[in-house]
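Below is one structure, written out as C-alpha cells; comments come after it.
Order of the sequence lines fixes the chain letters, A, B, ..., with proteins taken first and strands second; residue numbering starts at 1 for each chain. Keep in mind that what you see is a predicted model, and the values were worked out from it rather than measured.
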Number of protein chains: 2
Amino acid sequence: MLKDEICETVGSEIDFSVMADAVGYALRRAQLYVYQDFIETFAAEGIRPPDFAVLMVLSRNPGLKQSEVAEALGIQRANFVAIIDGLEGRKLAERRKSETDRRVQCLFITKAGLAYLDELKPIWKSHEDRVVARLGGPQARDQLVQLLGRLYD
Amino acid sequence: MLKDEICETVGSEIDFSVMADAVGYALRRAQLYVYQDFIETFAAEGIRPPDFAVLMVLSRNPGLKQSEVAEALGIQRANFVAIIDGLEGRKLAERRKSETDRRVQCLFITKAGLAYLDELKPIWKSHEDRVVARLGGPQARDQLVQLLGRLYD
DNA sequence: TATTGTTATACTCTATAACTATA
DNA sequence: TATAGTTATAGAGTATAACAATA
C-alpha cells in the first residue's frame, strides 16, 4: 500500500516549508532554545529569567511600586507575588510599605542583592554571548531585538 | 525619606534600558503577544498552535512516523501523544500501525481534516497578517524569521 | 467605588522516568 | 539490547476570580 511505504520515509525528507513563514512558530522554537540555554547557564545559581530581570530593574530603579515592575516586565501582578517572595526569602530584595499610600509595596534590591547581581552579570554575559554568536554577531542581535520590540511595544 | 519618595514615581519614568539588549527577554515578550493573538484568533475553533502545525505538516507529508513529526516540530514524543489524541478524537487525523514495523504509528490527515484545514487557513492568514503589519511588512517578517531560524536550526 | 497586593485555582507547556510492545 | 509509543507525574508559566486593606 502506497501510504504505508511513505510511512517509512526519513525525517530529512519532511516537507516543512508549510511552517517556513509562520512567525509564531519560529518565535516558539527560538525562545525555547534561548530559555533552555539561560536555565542551564544559571542552573547552579537557581536563578530563573524573571528573577534576573527583576534584580536588574530594581538595581537601576530603587523603590518602584510592585505593580509597576510587574507591568513593565509583562508579568501579571498575581504571578509576580511568588517571584518577589522568592527574592525576599533569599534576602536579595525587599518590600517596604509606602508611607503615603499604605496599599503599595515599594521594592528595593538589598546590598546583598547588588553584590550577588555583580556575580550574576558575567554569567549572564556568557549566555548572551552564546546567543549573539549563534545569531551572527551584535549587529544581527540589534536587528532582532528591534524587530521583536515592534511586536510588544 | 528619599527612597520612599522614589517609590511614588510613575511607570513611564522607569529606566528599562538594562533589559534593552537581552534577546531572551525580547523573545519572551514577542512570543507572548503572538501566541495570545493566535489563541484569540482561533478561540472559536478550539485550535491551538501545535494542532495547526501538525495538520499543516500532515497535509503535505502523509504517513510520517509520529516521532518524526514530533521531532520536526520540536515537541517531545511524550507530550505529542495528547496532541494526536485530540486530533484523532475530532476525526481530523488518524494513526495507522505501520505494516513493516508494528511499533510505529503512521500519521495521516483525514478528508475531514483537509477540509477543515482549508477553513482554518484564512483564519490563520488574518492572524499572520496582523503580526506582519505590526512588524512593518513582509520584508521585516522574512528578516525576523531568518534571524530566529539561526537560533534553532 | 476603585486600586494594590494577595490567595486560590486551573490550564497549558515542557521535562523526565518508567512501562509495553515490538524489533 | 534498543526503539516507538505510551502513561504518569512534576514543575514552570500564564490567566482569572475573589478577597482584604486602603484609598
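- B/Leu32 comes within 4.0 angstrom of the backbone, heavy atoms only, and of no base.
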### Message
If you apply the rule side chain to side chain donor-acceptor pair (under 3.5 Å), what do you find for A/Arg95 with A/Gln66, and how did you get there?
### Response
CA-CA 8 Å; A/Arg95 295 170 166 100; A/Gln66 188 169 312; 3.2 Å; yes

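- Per the geometry, CZ belonging to A/Arg96 stands 18 Å off C1' belonging to C/dG5, to the nearest Å.
- A tilted orientation is assigned to the rings of B/Phe42 and B/Phe52, their planes being inclined by 30° to 60°.
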Side-chain donor-acceptor pairs of residues 136-153 of chain B under 3.5 Å, sequence neighbours excluded:
unit_1   : atom_1 : unit_2   : atom_2 : d
B/Gln146 : OE1    : B/Arg150 : NH2    : 3.3
B/Arg150 : NH1    : A/Leu135 : O      : 2.5

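- For the pair A/Arg96 and A/Phe108, the distance from NZ or CZ to the six-membered ring centre is under 6.0 Å and the angle to the ring normal is within 45 degrees.
- A heavy atom closer than 4.0 Å to some atom of DNA chain C occurs in no member of residues 35-44 of chain B.
- The interatomic distance linking A/Gln31 (CD) with D/dA12 (P) rounds to 16 Å, in whole Å.
- Here B/Arg28 reaches the OP1 or OP2 of D/dT14: one of its side-chain N or O atoms lies under 4.0 Å away.
- In summary, the side chains of B/Ser98 and B/Arg103 do not present any donor paired with an acceptor at a separation below 3.5 Å, with no hydrogens or angles considered.
- Between B/Gln76 and the phosphate of C/dA15, there is a side-chain N or O to OP1/OP2 separation shorter than 4.0 Å.
- Regarding A/Lys97, its NZ atom lies at a distance of 9 Å from the P atom of C/dG5, rounded to whole Å.
- Considering every non-hydrogen atom in both A/Ser17 and A/Asp15, the closest pair reads OG-OD1, 2.7 Å.
- Put simply, CD1 on B/Ile75 is 11 Å from P on C/dA15, counting in whole angstrom units.
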Under 3.5 Å, which N/O atoms of the protein pair with N/O atoms of nucleotides 3-9 of chain D?
unit_1 : atom_1 : unit_2   : atom_2 : d
D/dT3  : O4'    : B/Arg103 : NH1    : 3.4
D/dT3  : O2     : B/Arg103 : NH1    : 3.0
D/dA4  : OP1    : B/Lys65  : NZ     : 3.3
D/dA4  : N7     : B/Arg77  : NH1    : 3.3
D/dG5  : OP1    : B/Gln66  : N      : 3.1
D/dG5  : OP1    : B/Gln105 : N      : 3.1
D/dG5  : OP1    : B/Gln105 : O      : 3.2
D/dG5  : OP2    : B/Ser67  : N      : 2.7
D/dG5  : OP2    : B/Ser67  : OG     : 2.6
D/dG5  : N7     : B/Arg77  : NH1    : 3.3
D/dG5  : O6     : B/Arg77  : NH2    : 3.4
D/dT6  : OP1    : B/Arg95  : NE     : 3.0
D/dT6  : OP1    : B/Arg95  : NH2    : 3.4
D/dT6  : OP2    : B/Gln66  : OE1    : 3.2
D/dT6  : OP2    : B/Gln66  : NE2    : 2.5
D/dT6  : OP2    : B/Arg95  : NH2    : 3.1

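- One atom, CZ of A/Arg29, and another, C1' of C/dC13, lie 14 Å apart when rounded to the nearest Å.
- When ring centroids are compared, A/Phe16 and A/Tyr25 come within the 6.0 Å threshold.
- Here C/dC13 presents its C1' atom at 20 Å from CZ of B/Phe52, a figure rounded to the nearest Å.
- For the 3.5 Å distance criterion, the side chains of A/Arg28 and B/Gln31 fail to qualify, holding no donor opposite an acceptor.
- Considering only the side chain of B/Arg102, C/dT22 comes nearest among C/dT22, D/dG13, C/dT14.
- Both the sub-6.0 Å distance and the 45° axial angle are not jointly satisfied by B/Arg48 relative to the ring of B/Phe38.
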